[in-house]
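As the structure is a computational prediction, the values presented were derived from the model and not from experiment. Order of the sequence lines sets the chain letters (A, B, ...), proteins ahead of strands, with each chain counted from 1.
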Amino acid sequence: MLSTSKSDIIWSPVHHDKFIVWGHDITLYEVARIKDIEKKTSYTQISSTRGATVVASQSGNGVRCVDISAISDQPDPILALGLESGRVTLTSLKQAYDPLGLIGKEFAARYPRACNSVAWSHTESNLLAVGMDKHRADNCVLLWDMNASDEITGEMGAGDRARAVAERGAGDAVQALAWCGFAPRTLAVCLNLRHVKMFDLRESGGKAAGVAAGAGSTRWMGVCAEREAYLLAARGDSALGVWDARSLHSPLLMLPQPRPPRKVQWCPTRRNLLLSLRRDSSTLRLHDIQRANDFKSPEAVDTAAGSDEGGAGEAVEREVSPGGGPLASFACHPAHRARLLALATGGALLEHTVGERVTLAWGAGGALVWAAGGHLRAPPTVFAADRDDLAQRTRRRAEADYGLKVDLWQNAELAEDEELAGLWHFLALSKSLVEDGCIRNGGWKHPGVRCVLPGAGEGSYRSEATPALLPDMPSRKVLLYRSPERTRALQLLGWGWGWENALAGVERAEAEGRPCRAAALAVFHLRVRTALDVLSRARSPRLRVAALALAAGGGAPDERLWRDSLAAAAPALPDPYLRALLHFLAATVQAHPDFSAVLNETEMRLEDRVAFACLYLSDRHLHEYVERAHAGLSERGALAGVVLCGLGTDGLTLLQRWLERTGDVQSAALLAARCCPPDLVRDARVQRWLAAYRALLDGWRMWWARCALDTWLGAADGEERTRRVAVACTYCGKCVAAAPSARVRPPFARLPPPAAKMKVSSCPHCRKPLPRCGVCSLHLGTSAVGGAGGAVGGAPFDTWFSWCVACRHGGHAAHLLHWFSEHAECPVSSCSCRCAALDPPDPPDVRRS
Amino acid sequence: MGEVSANNFFESQTIIADHKDLIHDVAFDFYGERMATCSSDQYVKVWDADGQGGWRLTASWKAHHGSVWKVTWAHPEFGQVLATCSFDRTAAIWEEVGDITASGSEKGLRTWVKRSNLVDSRTSVTDVKFGPKHLGLLLVTCSADGIIRIYEAPDVMNLAQWTLQHEMPTKVSISCLSWNPSLSRVNSNPPMLAVGSDEPNLANANSQTDKNCNGKVFIYEHSESCRRWAKTECLASVVEPVNDLAFAPNLGRSFHLLAVATKDVRIIKMEPLPEPTSNSNGCGVRFRSEVLAAFDDHSSCVWRVSWNVTGTLLASSGDDCCVRLWKMQYLNQWRCCAVFKNESSGNESPARTRPRTTYTRLAAITNPTHMPHH
């Protein structure tokens, strides 16, 4: 039964880098990192980083059971070998210094029979328990003491049989035994294949301290006990039983097994985790034992024995495959968490780390924490800082009052995003144009190009086409279109009408360090000379080369040749504006120029492309171009499209698409709050953005930003910024601090100097007294002049009303602060409300302000 | 897609939590300044941020008679309130009060008082979540026998009284649930719950479940007209046992993002379809769902998923002992941007032999009649 299948792997309980494998031979291995193992030594790789080297080996002939002692201070593990003959010998596989003189010592039972199990005690490392087969009425559980037996051998002389310290289990046979972890000198024993019993060796007499009930018809083959805890587990041929040592009268769990388990072991580093290996299985099974009740102390349970509290157990099961086919055995590392070593039937050694269930959570502040076993882990702080995530960016911007600056263009600098910055600039521009009356808006604060260029159908306009000469290239002519609508569109796009405005744009572009754009703007306004000047001033030599091409274009003898070579060279040019510029010059050669090459330079800013179209495209083509561009941008959710459609209904649709693409609800909410007419703010989408952004600000405790947002919203709504919170009189229900414009003012006007600090100690409406301060017992007064004017002219903080929302007692803010710095309960006598404890403790960073 | 360059492997900092057993859940409060942990050692601990990036333990108490599976914070509008659920078949509501023996230096200590114990479940309560604040003080629990229960505190000042509002039985074991955090009730956005099942797929049981939907994620919605919750959707794309799921914070998007921890990390986009006019009782298809991403980097089993506050970063943990962050690049595109190894550098990395964990399930209770009474 035992011969062939008997192979096992055992970690040394004291040497954390040594283990033995025994089968036909007993081999001691030492584990080291592969890079630390010397080159010439041969090793067995057990994981990607570690290898095991053979330290020593001996024949396992006749050995029936092995255990490694927990005696510390030994250079190499001491093994107890239980032999077929009934003897137990101590050995160290490696010949080494032996201060205790243990090696080679032998223990033998009175009558020779097979030795089935040996177990070293881990708490008293000099104790060795041995389980024997049955022999008439002889005891089958023997306890040997290393120290005591020394003296006995001294007395009796070498060769004489040493006597066991304790003997139990007369007339029985032991299959397996294990030391219990919760008490010293306590053994869990599998007896006669039928029982699982506990023996307390401190008691005299051969009776078992406890018999595990519910063992039933299963033939029990092995037993193990949890370290420093009360759980016992036994393996049978058809089931796995788990008991609590304090209530053995019913099993905690009986897990039916289709195939007999080959080995069970409690995880030495985690509580309540049982590992089992089935015969011929390539996976280990982890049973996480869950219990619904907890024992306060063993005594309490003993008295409650017989109650129904024993059986509520459940196991969360997992299967773990270390890989490498069917397993023969496994061993958990005695100290390292979740590390185990598996022995495949082929003899291969595999180290495996069992992944624990890792839980994680993300806090509103951006803190990520996850739990590994019993500890929490967080990413290093540097990590959070350099993460360019939207949440971080949103928070940074909110702290800088993004979107709340009075002038719209100021927000552009905070946007940290070119696309957004461009949009804020456009909105600032369109706002100023609307305010100057240049553009008649249809109720919108920020019209777009499509609003000022009516479509072909409705209120159509007719532009006049005027031929214009290029001043520096007299041979060429282009058609320029002009109309009041186009002028407005050009103003919206930032170009303005006429060379004076355009020149300003050119200079601005050059100052911004974009000479190509400056040059292109100049050329689009037919000032090739200016463009050449700009390019020649450019710092980059490549641009000066481009200027050469431009200059050549003016006087090239063969224009067709020049155009062809240009078409070939243009894609190689680095800057879209340079390409557009040359395309434009090339197109002007023709009688009916085709500007599509310029318009298709999509890397140019949309404003410049559309403005170009406004200059050079006929009405129909211009309309088509604008519509096509708008459809494309709004399909993609590109913010630049707002330039075309303005912040109206179409603009909201576009913003929604953009939001879904980027998730930047902050910008969407702020743009809508600042720039949308009131009826659009009431749009369901805008309300959703605002609600989401407010929730974000709430989570970050950014009350000022939230308040400022609401103030802007109120301003946009056209309603007066009125006070939203008021203290009402208990009797009449009217606001105590009534608006000064109401009828309150005249009565007080008769009173002496109104500028003096004026306290109202009764309700101005019903003349009933106001409540008293719980600390000083004076009436709570309000400043009579603190009307609708807002916080600026209000009473100093110390005299503010303050009250507890739970018990409704209150007082002067300063008094209450002082009171609660020394007391926990409400200042009103006989009120036991813990007003100050209702709120969470102030976080330290808030307290400093 | 799963390629991770060397420079986004990060070492992590450790906070000694001193739980005696596996930590099952970590939860942040609304402001992210307090943290609650729960563990198999039956304890719940509360941690407060100290303002310098560290955490200070402010409370620790034995909350249940079994493993505490989940812990969750209520919105601070309702006070400092926690809910826990446990293997001992109960869920509990805890409220923080000042220390009874407050005097002098010990005034900072806080104690938590059990306000209510919800004992309706007959099996282990696997998840508990407070509802979105605009619905009032709502709590939903789910249990291993597949019953979802929704409780409401009619008086938010009285946390001792919770009424069981709805009970929704499902046929399968439920492991996790998530509220849709949609903030408003506009736009026909009824309260919505997603629940995930960890019922193992048994090969022989296939024929039975074929008729039904074989999915593991169900969507429940509250119907204002019928005044009850109804299962409106079963995500057919998820057929493996689900360990965790989470709705992303809805930042004004017109669709919902749901992260599912199953065999892989899955991000599912659920786009509400326009109300089917012909079918008024809500039987029609309510959503168009689309799997945006499915990452199997966590070898074979993903344990938890969690979104950051804007729903642009997703953190996941799995069987490979790593925590991975997934970042939204553009719509529909997600990429791994960081990997945190769980073990410190002193311990070695797990063997690359494709270790796998086939499934997790709750074993049958040995003796149901022996369960203690509440």
Applying a strict 4.5 Å limit to non-hydrogen atoms, the region of Asp18(B) in contact with chain A is backbone

Q. Does atom CD of Glu228(A) have more than 12 heavy-atom neighbours, drawn from other residues, nucleotides or ligands, at distances under 6.0 Å?
A. no

So, the part of Asp698(A) with a heavy atom under 4.5 Å from chain B: the answer is both

Turns out that what part of Ser254(B) lies under 4.5 Å from chain A's heavy atoms comes down to both

Honestly, the part of Thr37(B) sitting under 4.5 Å from a heavy atom of chain A is side chain

Sequence neighbours excluded, the answer for ring pair (Phe, Tyr, Trp, His ring centres under 6.0 Å) partners of Phe78(B) is none

Given the options Trp55(B), Trp307(B), Trp73(B), Phe28(B) meets ring-ring contact (aromatic ring centres under 6.0 Å, His included) only with Trp55(B)

Between Val354(A) and the options Leu273(A), Leu284(A), Leu286(A), the side chain to side chain contact (heavy atoms under 4.5 Å, CB included) test singles out Leu286(A)

Under 4.5 Å to a heavy atom of chain B? For Leu360(A) that would be both

In terms of heavy-atom pairs under 4.5 Å with chain B, the winner among Ala669(A), Ala668(A), Ala391(A) is Ala391(A)

If you measure from the Lys or Arg side-chain nitrogens to the Asp or Glu carboxylate oxygens, is any gap between Asp244(B) and Arg304(B) under 4.0 Å?
yes

Check your understanding: Can Arg34(B) and Glu96(B) be counted as an ion pair, charged N to O under 4.0 angstrom?
Key -> yes

Pair count under 4.5 Å, heavy atoms only, with chain A: among Ala246(B), Gly311(B), Ala315(B), Gly32(B), highest is Ala315(B)

Cut-off 4.5 Å, heavy atoms of chain A, and the answer for Leu257(B) is neither

